[in-house]
Amino acid sequence: MKLIFCLSKDKGMMFFGKRQSQDAILREWIINHIEGSKLWMSEYSAKQFESRDNIIVDGDYMNKAGEADYCFVEDGAYSAENATEIIICKWNRAYPGDKFFEIDLKEAGFKKTGTVDIKGKSHEKITIETYIKKG
């Protein structure tokens with residue numbers, strides 16, 4: 001499976017049970033990037049996406065997503081164990097946080113294969129990094 005995370009400068013994901021930030025243009029980028037593949041997410045995450053046939057809302061998405069599927073990870077538990085690709089979308093700002101991205105990508109066997117910067121709607125710069133599991 002392929003995991004997508006949105007992180008602040010200091011790898012923050014959430015603060016007091018709420019996402020630190022969101023961006024409409026980044027959501028559009030994600031939908032275009034996955035090209036109709038399944039995109040699994042929690043009910044909390046689904047509130048920021050328009051309903052689509054390929055978006056699957058399920059609290060147990062990390063266990064149900066297939067090998068070629070994407071998972072948008074915000075509020076639930078996650079693991080890189082079955083992941084073949086990780087996409088990190090970095091905000092150009094630091095936000096308060098109490099839930100942080102904790103995967104050591106190098107130790108988990110991932111190698112950076114690409115970086116692209118986009119101009120978001122609410123963020124001047126969003127850096128998107130793609131990591132593929134070596135193997």
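Along the sequence shown, the residues carry numbers beginning at 1.
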Less than 3.5 Å apart, which donor and acceptor atoms pair up between the side chains of residues 80-92 and the rest of the protein, not counting sequence neighbours?
from, atom 1, to, atom 2, distance (Å)
Thr84, OG1, Met1, O, 3.4
Lys90, NZ, Glu129, OE1, 3.3
Lys90, NZ, Glu129, OE2, 3.2

Can you give each donor-acceptor pair under 3.5 Å made by side-chain atoms of residues 30-39, sequence neighbours left out, with the distance rounded to 0.1 Å?
from, atom 1, to, atom 2, distance (Å)
Asn32, ND2, Glu28, O, 3.3
Ser37, OG, Ile34, O, 3.0

Check: residues 120-128 side-chain donor-acceptor pairs under 3.5 Å, at least two apart:
from, atom 1, to, atom 2, distance (Å)
Ser122, OG, Gln22, O, 3.1
Ser122, OG, Asp23, OD2, 2.9
His123, ND1, Asp23, OD2, 3.4
His123, NE2, Ser21, OG, 3.0
His123, NE2, Tyr95, OH, 2.9
Thr127, OG1, Asp117, OD1, 2.7

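For the pair Leu3 and Ser79, the tightest heavy-atom approach, listed with the atom from each and the gap, is CD1-O, 3.5 Å. Shown here for Gly66 and Trp40, the closest heavy-atom pair between the two residues is N-NE1, 4.4 Å.
Residues passing the salt bridge (Lys or Arg N to Asp or Glu O under 4.0 Å) test with Asp58, sequence neighbours excluded: Lys64. Here Asn63 pairs with Asp60 under the side chain to side chain contact (heavy atoms under 4.5 Å, CB included) rule; sequence neighbours left out. Evaluation of the ring pair (Phe, Tyr, Trp, His ring centres under 6.0 Å) rule for Phe5 yields Tyr78, Phe101 as partners, not counting sequence neighbours. With sequence neighbours left out, Tyr131 forms a ring pair (Phe, Tyr, Trp, His ring centres under 6.0 Å) with no residue at all. Annotation: side chain to side chain contact (heavy atoms under 4.5 Å, CB included) contacts of Lys111 (sequence neighbours excluded): Lys134. Checked against side chain to side chain contact (heavy atoms under 4.5 Å, CB included), Ser51 has no partners two or more places apart in sequence or in another chain. Arg27 meets the salt bridge (Lys or Arg N to Asp or Glu O under 4.0 Å) test with no other residue; sequence neighbours excluded.
Residue pairs meeting the salt bridge (charged side-chain N to carboxylate O under 4.0 Å, His left out) criterion with at least one member in residues 40-56, sequence neighbours excluded, do not occur.
Side-chain atoms of Tyr44 come within 3.5 Å of backbone atoms of Arg19 as a donor-acceptor pair (strictly under, hydrogens ignored).
Hydrophobic cluster of Phe16: the remaining members, joined at side-chain heavy-atom separations below 4.5 Å, are Phe15, listed by chain and number.
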